[in-house]
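First up is the structure itself, then whatever we jot down about it.
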Amino acid sequence: MEEIKSTNFIEEIIENDLQEGKTNEIITRFPPEPNGYLHIGHAKSLCINFGAKEKYHGKCNLRYDDTNPSKEDIEYVNSIKEDIKWLGFDWDQELYASDYFDQMYAFAVDLIKRGLAYVCDYSADEIKATRGDLQTPGQESPWRNRTVEENLKLFEEMKEGKYADGEKVLRAKIDMASPNMNMRDPVIYRILRATHERTGDKWCIYPMYDFAHPIEDGIEGITHSICTLEFEDHRPLYDWVKVNCGFGKEGYPRQIEFARLSMKRTIMSKRYLKKLVDQGVVSGWSDPRMPTLSGMRERGYPPKAIRAFCEAIGVSKANSEVDVAYLEHFVRDNLNKEANRVMVVKDPIKLIIANAQDEVYDIENNPNAEEMTYHKVTFSKELYMERDDFAVVPPPKYKRLVPGGTVRLKGSYIIEYVSHKCDENGNVTEVTCNYIPETISGQANAGMKVKGVIQWVNAKDCVDLTLHDYDYLLLDGDGDFDQRLTPDSHKVYPNAKGEAILREIKPYDRFQFMRIGYYSAVKTYGQDGKYEFNQITGLKDSYGK
RNA sequence: AGGGGUAUCGCCAAGCUGAUAAGGCAUGGGAUUCUGACUCCCACAUUCGCAGGUUUGAGUCCUGCUACCCCUGCCA
């Protein structure tokens with residue numbers, strides 16, 4: 001038997017349940033409402049639910065909580081699936097809450113028959129006015145004691161479409177004086193004429209979350225229904241529905257709450273993310289600056305890094321704000337282990353190697369790889385180097401090229417300074433060097449001491465990259481977004497053919513704003529599709545320190 | 001005197017039935033380096049929201065208190 005150790009309180013609960021023989025299979029579910037794209041916060045939930053499935057050899061269903069047709073959109077369904085797969089998770093069944101509408105209706109009828117639910121004629125405002133408040137009990141509805149027959153008839157008529165939207169609701173008969181607002185005769189069915197993505201116009205009444213969710217869990221045999229903290233107050237209602245609909249024989253399904261993930265200076269609410277998309281502040285839900293999973297994918301974040309991050313932040317009930325640096329750590333860590341390296345010059349100046357001839361090198365894709373692979377890099381008389389890698393007047397501890405100095409071209413020769421040219425403003429435009437023979441790795445003079453190593457690309461076959469600007473967003477008093485663009489149009493030349501993306505991390509300390517995106521990696525795709533190079537640059541840049 | 005939660009290092013977070021504060025991130029210092037990256041060393045809470053109490057001994061038990069989060073949708 002493998003020794004499994006719980007790493008958080010939810011796993012501890014699960015393991016106790018397993019040990020005590022309460023169940024022999026763990027079944028969880030991931031229940032997104034299809035009204036937006038998944039973001040990093042969902043990744044935490046995904047990792048908890050699918051993580052339990054993997055760890056305890058159980059099951060996890062993907063279930064769309066589509067009980068409110070007016071808010072949902074089929075567009076999101078596919079994105080959700082794609083993102084879950086991208087993270088590497090597999091669901092057992094793909095289900096929709098709407099699959100259970102008939103059964104939910106039947107359960108509601110049953111509740112009415114047993115005197116546990118009634119049709120209420122109050123308007124939304126009247127319900128609100130009679131609910132009481134945090135310190136005063138609510139008043140019972142005058143329709144609370146209708147006969148079963150009358151309730152049955154009315155509820156059926158609601159279904160038949162005999163009443164206008166909002167004219168009547170079905171309420172659970174619980175306790176108007178309960179200190180828990182959720183238990184003050186909560187509405188469990190409302191009339192809503194909206195075409196449902198899946199059931200069309202079949203229904204004009206729709207169940208509320210609190211009624212629907214325990215039924216969905218019950219039908220699917222969910223053992224652990226894991227959700228976020230704000231549902232703690234709903235648990236008594238969850239249990240009420242569960243028990244009164246005949247579920248919960250073994251105590252399952254059991255609702256467990258954890259603290260949702262929030263991150264410093266990061267917008268995580270779907271409402272605001274949607275606003276960013278709708279206002280055209282970003283190009284869409286997958287804009288690389290978005291904290292969505294698709295945005296992170298676009299940004300070059302490896303899914304494994306996101307998983308490792310979720311694993312590391314743990315699961316607790318304490319509200320907390322994780323620093324973005326923690327996520328970035330796992331991105332760097334994963335990229336360092338798995339990403340192929342490529343040379344990039346962001347702000348190029350010409351580098352002439354006066355005594356050079358054309359050559360081709362095999363350069364390691366990733367020095368950390370277990371099985372080393374290589375890519376070709378061409379070398380010639382005319383190269384580009386980074387402007388910062390040459391200094392006429394070097395700052396203290398400068399480790400790169402200076403007049404009269406030497407430096408190693410990564411993967412190639414050691415070169416020595418000959419001369420340089422400046423434009424009318426005194427900016428360096430070109431540097432000329434000679435390479436020192438026999439200094440390539442493995443050759444006679446390779447052991448020569450140099451101050452540093454610099455990246456370079458061959459001017460003949462380098463490729464232009466698109467460098468995306470970074471930007472800052474301010475959230476003003478009205479909750480609207482104000483975009484602060486900081487234009488920066490470097491050119492980027494990797495020594496591989498094809499597309500590439502580069503985004504930069506920039507500090508953000510001047511305003512009260514939320515940073516929604518930053519650069520993580522450069523990606524280039526070989527023309528033949530053979531190579532995929534990833535360069536970790538800009539992530540932890542300590543140049544010039 | 002509404003109810004439900006949470007409080008351990010700048011940020012996460014272990015700490016189960018009391019025995020004298022794990023780990024990661026961040027940070028500072030050093031070594032190493034054909035990526036100023038990575039890696040490797042070293043430093044980093046006499047203290048666990050506060051105040052009392054029980055105990056030989058408390059972050060862990062008891063009693064008060066404080067702070068923050070959630071709840072008055074026919075949203076989820």
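Per chain, numbering begins at 1; letters A, B, ... match sequence-line order.
Taking A/T228 as the reference, A/E230 meet the side chain to side chain donor-acceptor pair (under 3.5 Å) condition, with sequence neighbours excluded. Residues satisfying the ring-ring contact (aromatic ring centres under 6.0 Å, His included) test with A/H329, not counting sequence neighbours, are none. Applying the side chain to side chain donor-acceptor pair (under 3.5 Å) test to A/S70 and every residue at least two apart in sequence or in another chain returns A/N68. Residues forming a ring-ring contact (aromatic ring centres under 6.0 Å, His included) with A/Y361 (at least two apart in sequence, or on another chain): A/F379. Looking at residues two or more places apart in sequence or on another chain, you find a side chain to side chain donor-acceptor pair (under 3.5 Å) between A/D362 and A/K376. A/W143 pairs by the ring-ring contact (aromatic ring centres under 6.0 Å, His included) definition with A/Y122, not counting sequence neighbours. In this structure A/Y398 satisfies the ring-ring contact (aromatic ring centres under 6.0 Å, His included) test with no other residue, sequence neighbours excluded.
Across the strands present, B/U63 finds its partner in B/A51; the criterion is a Watson-Crick or G-U wobble pair with both atom distances under 3.5 angstrom. B/A21: no Watson-Crick or G-U partner with both key distances under 3.5 Å is found in any strand. When both pairing distances are held under 3.5 Å, B/G57 makes no Watson-Crick or G-U pair with any nucleotide shown. Across all strands shown, B/U27 pairs with B/A43; the Watson-Crick or G-U wobble distances both stay below 3.5 Å.
Ranking B/G36, B/G5, B/A76 by closeness to the A/L229 side chain, first place goes to B/G5.
Contact annotation: A/R332 reaches the phosphate of B/A26 (side-chain N/O to OP1 or OP2, under 4.0 Å). For A/R190, a side-chain nitrogen or oxygen approaches OP1 or OP2 of B/A76 to under 4.0 Å.
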Shorter than 3.5 Å, N or O on both sides, protein versus nucleotides 11-14 of chain B: list them out with atom names.
residue: B/C11; atom: O3'; partner: A/E321; partner atom: O; Å: 2.9
residue: B/C11; atom: O2'; partner: A/E321; partner atom: O; Å: 3.1
residue: B/C11; atom: O2'; partner: A/D323; partner atom: N; Å: 3.2
residue: B/C12; atom: OP1; partner: A/E321; partner atom: N; Å: 2.8
residue: B/C12; atom: OP1; partner: A/E321; partner atom: O; Å: 3.3
residue: B/C12; atom: O5'; partner: A/E321; partner atom: O; Å: 3.3
residue: B/C12; atom: O2'; partner: A/I313; partner atom: O; Å: 3.0
residue: B/A13; atom: OP1; partner: A/S316; partner atom: OG; Å: 2.7

Provide a list of protein-nucleic acid N or O atom pairs under 3.5 angstrom, restricted to nucleotides 71-73 of chain B.
residue: B/U72; atom: O3'; partner: A/R131; partner atom: NH2; Å: 3.4
residue: B/U72; atom: O2'; partner: A/R131; partner atom: NE; Å: 3.0
residue: B/G73; atom: OP2; partner: A/R131; partner atom: NH2; Å: 3.0

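Mapped onto RNA chain B by nearest heavy atom, A/T439 and A/E232 fall at different nucleotides, with A/E232 at the one closer to the 5' end.
Across the protein-nucleic acid pair, A/N336 atom CG and B/U33 atom C1' stand 13 Å apart, rounded to whole Å.
Remark: side-chain polar atoms of A/Q443 are paired, donor with acceptor, to backbone N or O of A/T439 under 3.5 angstrom. Here the side chain of A/R184 pairs a donor or acceptor atom with the backbone of A/R131 at under 3.5 angstrom.
Proximity of the aromatic rings of A/Y301 and A/F330 is defined here by a centroid distance below 6.0 angstrom, and this criterion is not met.
In the region residues 440-452 of chain A, proximity to RNA chain B at under 4.0 angstrom, judged on heavy atoms, holds for A/I440, A/S441.
At a threshold of 4.0 angstrom between heavy atoms, the contacts of A/S123 include nucleobase atoms, whether or not backbone atoms are also involved. At a threshold of 4.0 angstrom between heavy atoms, the contacts of A/Y122 include nucleobase atoms, whether or not backbone atoms are also involved. Within 4.0 Å (heavy atoms only), A/F231 reaches at least one base atom of the nucleic acid. Contact annotation for A/P367: base contact, defined as any heavy-atom pair under 4.0 Å involving a base atom. As judged by a 4.0 angstrom heavy-atom cut-off over every strand, A/Y398 is placed among the base-contacting residues.
Base orientation of B/G73: syn, since the glycosidic angle falls within 90° of 0.
Between the C1' atoms of B/U55 and B/G18, the separation comes to 9 Å (whole Å).
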Under 3.5 Å, side-chain donor or acceptor atoms of residues 39-48 of chain A against the rest of the protein: list the pairs with distances, not counting sequence neighbours.
residue: A/H39; atom: ND1; partner: A/G41; partner atom: N; Å: 2.9
residue: A/H39; atom: NE2; partner: A/M268; partner atom: O; Å: 3.0
residue: A/H42; atom: ND1; partner: A/H39; partner atom: N; Å: 2.9
residue: A/K44; atom: NZ; partner: A/A259; partner atom: O; Å: 2.7
residue: A/S45; atom: OG; partner: A/N49; partner atom: ND2; Å: 3.4

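Listed by first and then second residue, the salt bridge (charged side-chain N to carboxylate O under 4.0 Å, His left out) pairs that reach into residues 132-142 of chain A are A/E140-A/R144, sequence neighbours excluded.
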